Amino acid sequence: MSVRAERPSAPEPAARLPEQGGGKGETDAEVPAPDEGLSTTGPSGDGEIDSAPSARTKAAGGLTLLVIEDDPHGAVRIPAVTDAAGREARVRTARNLTEAARLLTDDVHCILLDLELPAVRGESEDSPAHESGELDVLHRVLGLAPGHAVLALTGGADLELGAEAVRVGAQDYLVRDELDGRLLSRAVRYAVERKRGDVAQRQLTESRLRAQENARLERGLLPRPLLDGSDLRFAARYRPGRSRALLGGDFYDTVRTADGTVHAMIGDVCGHGPDEAALGVELRIAWRTLTFAGICGDELLDTLQRVLEHERASDEIFATLCTVDIAPDGRSAGVCLAGHPPPLLSGGGAPPRLLTHQEGGPALGLLPEARWPRGEVELGGEWSLMMYTDGLVEGRTGNGGRERLGEDGMLELIGRQLEAGACGEELLDGAMADARRLNGGELTDDVAVLLLDRA
């Protein structure tokens, strides 16, 4: 649709573009005062859009336009443009895209592009290839300035070309012969705000997609236990250590196989990012698959190590792991440790203790020919077995921030919870709350805790 000029009651002064070669001239319309007419927040008004140059308007002072046109006779006349407060904008002129790239600084708010400008005129031979067609120059400018608003200028007979320019990515188009100050000022302000709205919408969409990806990854890290037919009670807690993060490198799982054995595992991939979280998901799924296939102990850990070696991003990545296989009668278990803290056992009126045994193995991914002996432990008739990652025991104790909670401190902490009658979900919530309180705030490392009870 053609944009028709609104004729003012009195003619407005027009500022002719500088005609000298080089395209480095500017008008004298720079206003140092802050521009209160342009918003510095997104459409919701609750934050800056970092990638939009208009977010810097207050610091830069007024509008700055970059006009790209190569008419040596100055046939394209640009009327004086004002912001919402009535201040004139300053104008920079570029005769080709090389000059435009040099003049395109962060304080430029809008680009006025003559669509008749040849895309390759004045460009070097090693310039990147561009798409063919009538809008070559627009494609090049959009690639050069993805965060800037663009107004396309067309001839009176090129209205369809202007509409196509908007479809390609320009914020609006104007007819060169119909320009006046009011129309152009309004179009520039509209283009700047529309670009900012586009940026905000894109950031919102990207944020939503990241949340969906995190939710899928979280389902992989935090699976539902498969304990049908077992009399054991299950509870778990998970908290990533990074600020505002949804996922960390810790993972766990629990399944019951056809022979009645309950298999539980917990692990920790070194690091805290999404790559470590993804690797944790792969190890957990591999563990569940191997367990249902009847593989356990040293053979299972050796296979998991090979999975890790093939999937990790670098040779420095390793993972600790603890596996527990509880006999069908629930009175004994086999334990394998791969550089991981031992589980905690309580019950029978005795204070909580760690299921330590003399021989453990290294973390997965450290030694190619490692072995992980399997230790047998007695559980008794009634018990609670807690498996955890080192993020729980590495928190501070509040004594000047120097001492770690450690395994001994964790035993005392769990002992107090048990004396108070806590169990199951309540026990884990109380333990996590006490650990954060002693640390003086959120724990810095990822924390995963898994609890199995037999009453």
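Since the structure is predicted, the reported quantities are computational estimates derived from the model, not experimental observations.
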Taking it one step at a time, do Val81 and Val91 satisfy side chain to side chain contact (heavy atoms under 4.5 Å, CB included)? CA-CA 9 Å; Val81 176; Val91 179; 5.9 Å; no

Working to the nearest 0.5 angstrom, can you tell me the gap between [X] [atom1] and [Y] [atom2]?
X      : Y      : atom1 : atom2 : result
Thr254 : Leu450 : OG1   : CG    : 4.0 Å
Arg396 : Leu405 : CZ    : CG    : 11.0 Å
Glu164 : Leu138 : CD    : CG    : 9.5 Å
Leu452 : Ile326 : CG    : CD1   : 5.0 Å
Arg189 : Leu63  : CZ    : CG    : 8.0 Å
Leu66  : Thr64  : CG    : OG1   : 10.0 Å

Do [X] side-chain atoms and [Y] backbone N/O form a donor-acceptor pair below 3.5 Å?
X      : Y      : result
Tyr388 : Pro342 : yes
His148 : Pro146 : no
Asp446 : Gly249 : yes
Thr289 : Ile285 : yes
Arg92  : Leu103 : yes
Lys195 : Ala170 : no
Arg256 : Asp228 : yes

Pairing residues for [X] by the side chain to side chain contact (heavy atoms under 4.5 Å, CB included) criterion, not counting sequence neighbours:
X      : value
Glu316 : Ser314
Glu309 : Gln305, Arg306, Arg312
Glu382 : none
Glu299 : Ile295

Closest heavy-atom contact between [X] and [Y]?
X      : Y      : answer
Ala100 : Ile68  : CB-CD1, 3.6 Å
Pro223 : Asp253 : CG-OD1, 3.5 Å
Asn96  : Thr98  : OD1-N, 3.1 Å
Leu392 : Ala435 : CD1-CB, 3.8 Å
Arg224 : Arg288 : O-NH2, 3.2 Å
Leu451 : Ser384 : CD1-CB, 4.3 Å

Quick one, [X] and [Y] - any side-chain contact, counting heavy atoms below 4.5 Å?
X      : Y      : value
Leu144 : Ile111 : no
Glu311 : Leu283 : no
Val307 : Trp287 : no
Arg202 : Glu206 : yes
Arg404 : Asp390 : no
Leu184 : Leu112 : yes
Cys322 : Thr389 : no
Cys270 : Ile317 : yes

Can you list everything that forms a salt bridge (Lys or Arg N to Asp or Glu O under 4.0 Å) with [X]? Sequence neighbours excluded, please.
X      : result
Asp453 : Arg233
Arg194 : none
Arg208 : none

Enumerate donor-acceptor pairs with a distance under 3.5 Å from any side-chain N or O in residues 257-269 to protein atoms, sequence neighbours excluded.
residue: Thr257; atom: OG1; partner: Asp259; partner atom: OD1; Å: 2.7
residue: Thr257; atom: OG1; partner: Thr261; partner atom: O; Å: 3.3
residue: Thr257; atom: OG1; partner: His263; partner atom: NE2; Å: 3.1
residue: Asp259; atom: OD1; partner: Thr261; partner atom: N; Å: 3.0
residue: Asp259; atom: OD1; partner: Thr261; partner atom: OG1; Å: 3.2
residue: Asp259; atom: OD2; partner: Thr261; partner atom: OG1; Å: 3.3
residue: His263; atom: ND1; partner: Asp325; partner atom: OD1; Å: 2.8

Please determine whether side chain to side chain contact (heavy atoms under 4.5 Å, CB included) holds for the pair Leu438 and Glu403, giving the CA-CA distance in whole Å, both sets of side-chain angles, and the decisive distance to 0.1 Å. CA-CA 10 Å; Leu438 291 172; Glu403 297 182 11; over 6 Å; no

Sequence neighbours left out, what pairs pass side chain to side chain donor-acceptor pair (under 3.5 Å) with at least one residue falling in residues 329-355? Thr320-His340

Applying side chain to side chain donor-acceptor pair (under 3.5 Å) as the test, list every pair that has at least one member in residues 406-418; sequence neighbours left out. Gln417-Asp434

May I have the step-by-step check of side chain to side chain contact (heavy atoms under 4.5 Å, CB included) for Cys110 and Leu151, ending in yes or no? CA-CA 7 Å; Cys110 186; Leu151 273 176; 4.1 Å; yes

Met386 and Ile414: CA distance, side-chain angles, deciding distance, side chain to side chain contact (heavy atoms under 4.5 Å, CB included) verdict: CA-CA 10 Å; Met386 191 179 85; Ile414 297 298; 3.9 Å; yes

Please tabulate, one pair per line, all N/O donor-acceptor pairs under 3.5 Å involving side-chain atoms of residues 365-373, not counting sequence neighbours.
residue: Trp372; atom: NE1; partner: Pro362; partner atom: O; Å: 2.7

Inter- and intrachain pairs under salt bridge (charged side-chain N to carboxylate O under 4.0 Å, His left out), touching residues 418-432, at least two apart: Arg237-Glu425, Arg237-Asp429

